[in-house]
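So the structure is just underneath, and the comments pick up after that.
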Amino acid sequence: MLSGRRLDLLDPTPVDIEIEDIAHGLAFVARWNGQTRGDFAYSVAEHSLLVETLFGRLCPTAPPAERLTALLHDAPEYVIGDMISPVKAAVGPDYGALDDRLAAAVHLRFGLPAMPAAKLKKQIKKADKISAWMEATQIAGFTEAEANRFFGKPDADLIRGLQIQLRPPLAVRAAFTLRHAELLGQMR
């Protein structure tokens, strides 16, 4: 990793996880395999910031630890990349197991339970699907009807005022790192 840490992908440990590595990696990993409109790729870091915002709107009383879990929901992708769902399915259960091991190490590193509660995972997944709908309609060329079919139509009030942002990777990295620090500070 850029921090100098050595991360064993098959047996990751929390002591080898650094937020700077996560933020940097996610800021340079493109969602939608880079097939989006705009001058910059829409990064997993930008997506994660949007998911955390949407989660906050869905669950306004959620404690900072749950919001941090939402922010870090795709953290393993900083080293394994963002694969589209059909590719993940083709790779099989080994991909899911690798993702789970990395996620557990990330969570433990930042004082979160290794495995989020099922209810929390479901709420974060709902925010993730709303984010995917927004991305599909705003930058990936889907019509609203197509996005509704794939992701479900979100509540208009829930997404009101939110707009997909396309920023340079270093700006996204800084925003992700800052939000992580804010949430971690609120947990103490």
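- The nearest pair of heavy atoms linking Leu7 to Pro12 is CD1-CB, 3.9 Å.
- Using a 4.5 Å heavy-atom cutoff, the side chains of His73 and His47 are in contact.
- Annotation: the span from Phe55 atom CZ to Ile124 atom CD1 amounts to 5.0 Å, rounded to 0.5 Å.
- Judged by distance alone, with hydrogens and angles left aside, the side-chain atoms of Asp99 form no donor-acceptor pair with the main-chain N or O of Tyr95 at under 3.5 Å.
- Both Ile19 and Leu102 are part of a single hydrophobic cluster, where members link through side-chain heavy atoms under 4.5 Å apart.
- For His180 and Phe176, the gap between ring centers reaches or exceeds 6.0 Å.
- Taking 4.5 Å as the limit, some side-chain heavy atom of Glu146 sits within range of a side-chain heavy atom of Arg149.
- Closest non-hydrogen pair, Leu68 versus Met187, comes out as CD2-SD, 3.6 Å.
- The hydrophobic clustering, which links ILVMFWY residues whose side-chain heavy atoms are closer than 4.5 Å, places Ile80 and Met1 together.
- Closest approach of Ser3 and Asp21 over heavy atoms only: OG-OD2, 2.6 Å.
- Between Glu46 and Arg31 there is no side-chain heavy-atom pair separated by less than 4.5 Å.
- Scanning both residues, Pro76 and Ala103, for their nearest heavy atoms gives CG-N, 3.6 Å.
- Under the 4.5 Å side-chain heavy-atom criterion for Ile, Leu, Val, Met, Phe, Trp and Tyr, Leu183 and Leu54 are members of distinct hydrophobic clusters.
- With values rounded to the nearest 0.5 angstrom, Glu52 atom CD is found 10.0 Å from Leu50 atom CG.
- Both Ile22 and Val79 belong to a single network of hydrophobic side chains, linked directly or stepwise wherever heavy atoms of I, L, V, M, F, W or Y lie under 4.5 Å apart.
- Contact of the Arg101 side chain with the Leu10 side chain is registered, since non-hydrogen atoms from C-beta on lie closer than 4.5 Å.
- Contact check for Leu71 versus Leu49: side-chain heavy atoms found under the 4.5 Å cut-off.
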As a quick check of understanding, evaluate side-chain contact (heavy atoms from CB on, under 4.5 Å) for Arg37 and Tyr42, giving each step before the final call. CA-CA 9 Å; Arg37 297 182 186 111; Tyr42 185 69; over 6 Å; no

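- Look at Arg109 and Glu18 and you find a salt bridge, because one of the NZ, NE, NH1 or NH2 atoms lies within 4.0 Å of a carboxylate O, short of that distance.
- By the neighbour-count criterion of 12 heavy atoms within 6.0 Å, atom CG of Asp155 is densely surrounded, having more than that number from other residues, nucleotides or ligands.
- Minimum interatomic distance between Pro154 and Ile130 (heavy atoms only, all atoms of both residues): CB-CG2, 3.9 Å.
- Val106 and Leu184 fall within the same hydrophobic cluster, defined by Ile, Leu, Val, Met, Phe, Trp and Tyr side-chain heavy atoms under 4.5 Å apart, directly or through other members.
- Between Phe150 and Phe142, the ring planes lie perpendicular to each other; the angle is over 60°, past the 30° to 60° tilted range.
- Side-chain polar atoms of Asp74 and Ser48 form no donor-acceptor pair below 3.5 angstrom.
- Expressed to the nearest 0.5 Å, how far NE2 of His107 lies from CG of Leu72 amounts to 6.0 Å.
- Between the NZ atom of Lys125 and the NZ atom of Lys121 there is a distance of 9.5 Å, given to the nearest 0.5 Å.
- No hydrogens or angles considered: nothing links the side chains of Asp82 and Trp32 as a donor-acceptor pair under 3.5 Å.
- The side-chain heavy atoms of Ile164 and Thr137, taken from C-beta on, include no pair separated by under 4.5 Å.
- Residues Phe28 and Val172 fail the side-chain proximity criterion, which asks for heavy atoms closer than 4.5 Å.
- Tyr78 has its side chain out of reach of His24: every pair of non-hydrogen atoms, C-beta onward, lies at least 4.5 Å apart.
- Scanning both residues, Ala30 and Ala41, for their nearest heavy atoms gives CB-CB, 3.7 Å.
- Using modelled atom types, no side-chain atom of Arg173 and backbone atom of Ala27 make a donor-acceptor pair closer than 3.5 Å.
- Between the side chain of Thr69 and the main chain of Ala65, a donor-acceptor pair closer than 3.5 Å is present.
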